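Take a look at the structure set out below.
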Amino acid sequence: MADYQNILIAVDFSAAANAVITRAKNIARNNLAKLTLIHVVEYLPPIDIAYEPVLSSTWNIDENELVEQAKQSLNKFCTEHQIATVQQHVVIGTPKHEICEYARNHQCDLVIMGSHGRHGLGLLLGSTANGVLHEMPCDVLAVKIKE
Ligand code: AMP
């Protein structure tokens, strides 16, 4: 029986994503595991805080459009890395929260991510990897990203 059957890969489109997907493909192949790629669109609508915190009325970014663009980027990423049989999931939110939520709700048994990506500092574990590692009950592989 394979060690892992349902693997979630966190893709942030940084340079780290290439190392992460290369490692994930090998592990998935060796385990004949199902692969899901998740990308979280980090977007905070601006808030007017002069008096009461309310959503700014001058802001007109279409959230559906943001998600649509991210889906296209994830599709392109899959094509470039020649991964056809994969689930793709794009959602707006906080990376750590959304990655953990998806993994829990879909009974993922391994989460693969970069040790750091866009928020990582030097040799420290990036904030997202650190958060997921401490929150998830399943295995988490933080692929070491070389500086
Ligand atoms: P960071 O916390 O930015 O150092 O990122 C560490 C790792 O978390 C990255 O290599 C990705 O695997 C994952 N990650 C960070 N941000 C996102 C995101 N917006 N969507 C999906 N995965 C992410």
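Please read these numbers as outputs of a predicted model, since none were measured by experiment. Numbers here are sequence positions counted from 1. Every number for a ligand or one of its atoms is a count from 1 in the order of the listing.
The shortest distance between side-chain heavy atoms of Glu68 and Gln72 falls below 4.5 Å. Side-chain contact check for Gln87 versus Lys34: some heavy-atom pair is nearer than 4.5 Å.
Those atoms of ligand 1 with a heavy atom of Val40 less than 4.0 angstrom away are 18 (C), 19 (N), 20 (N), 21 (C). Residue contact check: Met113 has heavy atoms under 4.0 Å from atoms 8 (O), 12 (O), 13 (C) of ligand 1.
Contacts between Val11 and ligand 1, counted as non-hydrogen atom pairs separated by less than 4.0 Å, involve the backbone only. Contacts between Glu42 and ligand 1 below 4.0 angstrom, taking non-hydrogen atoms only, involve the side chain exclusively.
The side chain to side chain contact (heavy atoms under 4.5 Å, CB included) check on Ile92 picks up Val41, Tyr43, Glu63, Val67, with sequence neighbours excluded. When the ring-ring contact (aromatic ring centres under 6.0 Å, His included) test is applied to Tyr4, no partner is found at least two apart in sequence or on another chain.
The shortest N/O to N/O separation between Thr128 and ligand 1 falls below 3.5 Å. Checked against a 3.5 angstrom limit, the closest N/O atoms of Ala10 and ligand 1 fall inside it. Residue Pro95 has no N or O atom closer than 3.5 Å to an N or O atom of ligand 1.
Residue contacts with ligand 1 include Ile38, since one of its heavy atoms falls under 4.0 Å from the ligand.
Only one option out of Thr94, Leu8, Val132, Val111 pairs with Cys100 in a side chain to side chain contact (heavy atoms under 4.5 Å, CB included); it is Val132.
Heavy-atom neighbours of Gln82 CD from other residues, nucleotides or ligands within 6.0 Å: at or below the threshold of 12.
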